[in-house]
Amino acid sequence: MKIPFLSFEETNRKIKSEILTSFEEFFDKSWYILGDSVKKFEKEYATFNNVEYAIGISNGLDALHVALKTLDIGSGDEVIIPSNTFIASALAVSYTGAKPVLVEPDRKTYNIDPGKIESAITFKTKAIMPVHLYGQACEMDAIMAIAQKHNLYIVEDNAQSQGATFNGRMTGSFGDINGTSFYPGKNLGALGDAGALTTNNSKLAQKANAFRNYGSTKKYYNEVIGFNMRLDECQAAFLSIKLQYLKNWTEERKQIAAWYDEALCGNQELILPATAKNATHAYHLYVIRTKRRNELQKHLSSNGIGTLIHYPVPIHLQEAYRNLDYKKGDFPIAEEIANSCLSLPMWPGITKSMVEEVAQIINKFK
Ligand SMILES: *Cc1c(COP(=O)(O)O)cnc(C)c1O
């Protein structure tokens with residue numbers, strides 16, 4: 001049996017007729033940019049995320065970039081991000097002219113370690129960007145306390161964790177303004193690039209609205225040097241449909257994770273995902289760790305099982321960030337995770353027997 005790392009087969013089958021109908025409506029309406037569908041989805045996503053405002057943006061990276069711009073973060077400033085995250089978290093900071101400052105994650109949750117944040121704060125620090133990596137909520141109470149104490153903004157990178165909570169509160173609702181991604185493979189995925197901002201602050205929402213649309217709220221009057229970073233009308237219409245399924249799909253992901261846990265927990269060579277107290281995990285990814293990661297990945301591949309590595313090269317060792325002057329060994333936990341992590345197939349629709357087959361191949365690997 002071939003088991004891909006990711007498949008849209010099940011989810012697409014469920015929504016196909018609704019999507020085709022909405023495409024026809026969108027096409028016939030002949031209003032393709034910033035219309036009713038974007039407004040409608042923004043309202044629905046704000047309700048889902050339990051925030052006052054959601055602002056549709058072209059993609060997740062742009063959302064994080066706009067978030068930082070609304071906080072007037074720029075050249076000479078520093079923003080704290082985790083040392084193990086997707087490159088986009090760092091790029092968003094760099095685009096503003098600010099410097100990404102890396103802080104090591106916790107060894108068990110892989111999320112930024114609140115105990116290590118304070119020593120990275122300088123007089124230039126303006127914000128902390130917690131990334132709810134792999135779908136698990138960061139320890140937001142500790143991070144919020146540090147931000148409050150040092151008068152820093154919080155910008156959550158909520159790209160992987162739609163539907164996760166900390167102390168019962170949704171990720172994407174803690175920070176001053178937060179970015180998320182609807183890249184097709186994310187827990188809520190569009191049929192192309194898409195993203196959003198979430199905030200409870202009306203001023204920041206207004207600023208974000210201007211930034212995404214040439215810096216203008218009134219047509220042809222420009223308040224700031226803005227961007228063209230709008231969410232497409234058709235993507236918004238598709239997202240409204242998919243959002244209705246998100247709760248069920250998140251529950252499915254949790255069930256799939258539980259199947260993996262059960263089938264793999266006896267394997268002494270593996271470290272399985274661990275969820276912190278008070279946090280929930282939306283299982284964007286099911287990430288295991290093992291010393292013989294590369295060999296195991298090859299073995300799985302030769303048995304028809306797709307896996308990926310999130311991520312093979314930590315930010316501080318990326319060619320693009322040579323100017324930060326970091327070297328190998330500077331962030332040993334991030335390096336250890338990069339060298340040992342492996343993401344197993346995880347998508348709504350994968351069956352228990354598929355999960356058991358993946359687990360069996362892993363458990364028999366000697
Ligand atoms: C996907 C992702 C992004 C970027 O989102 P795009 O829509 O691909 O631009 C940012 N941060 C994290 C953690 C992500 O996983």
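Ligands are counted one by one from 1 in listed order, and the atoms in each one are counted from 1 as well. Both backbone and side-chain heavy atoms feed into the values below; hydrogens, waters and symmetry mates do not.
- Given atom 1 (C) of ligand 1, the protein heavy atom at minimum distance is Lys186 NZ, 1.5 Å.
- For atom 15 (O) of ligand 1, the nearest protein heavy atom (residue, atom name, distance) is Gln160 NE2, 2.8 Å.
- Looking at Asp62 against ligand 1, nothing comes within 4.0 Å, counting heavy atoms.
- Under the 6.0 Å cut-off for aromatic ring centres, Tyr32 and Phe26 qualify, their centroids lying closer than that.
- Using a 30° and 60° split on the angle between ring planes, Phe227 and His65 fall in the tilted class, from 30° to 60°.
- Counting the atoms of ligand 1 from 1 in the order shown, those under 4.0 Å from a heavy atom of Ala159 are 2 (C), 3 (C), 10 (C), 11 (N), 12 (C), 14 (C), 15 (O).
- Judged purely by distance below 3.5 Å, without hydrogens or angles, the side chains of His316 and Glu335 pair a donor atom with an acceptor atom.
- With a 4.0 Å heavy-atom cut-off, ligand 1 is reached by the side chain of Asp157 but not by its N, CA, C or O.
- His284 does not count as a contact of ligand 1, since none of its heavy atoms falls under 4.0 Å from the ligand.
- Remark: Glu25 does not engage Lys29 in a salt bridge, criterion side-chain N to carboxylate O under 4.0 Å.
- The distance criterion of under 3.5 Å between nitrogen or oxygen atoms is not met by Thr85 with respect to ligand 1.
- Of the N or O atoms in Leu61, one or more lie within a sub-3.5 Å distance of an N or O in ligand 1.
- Of the polar atoms of Leu64, none of the N or O atoms is found under 3.5 Å from an N or O of ligand 1, judged by distance alone.
- In this model, a donor atom of one side chain and an acceptor atom of the other lie less than 3.5 Å apart for Glu18 and Tyr245.
- A salt bridge links Arg289 to Glu336: at least one charged side-chain nitrogen sits closer than 4.0 Å to a carboxylate oxygen.
- Interface atoms of ligand 1 facing Val131, defined by a heavy-atom separation under 4.0 Å, are 13 (C).
- Taking the charged nitrogens against the carboxylate oxygens, Arg13 and Glu10 do have a contact shorter than 4.0 Å, which makes a salt bridge.
- Checked by atom type, the side-chain pair Gln162/Thr180 shows a donor-acceptor distance below 3.5 Å.
- Nearest to atom 8 (O) of ligand 1 by heavy atom, out of Pro184, Ser181, Ala63, Ala92, is Ser181.
- Against a heavy-atom cut-off of under 4.0 Å, Ala88 is close to the following atoms of ligand 1: 3 (C), 4 (C), 10 (C).
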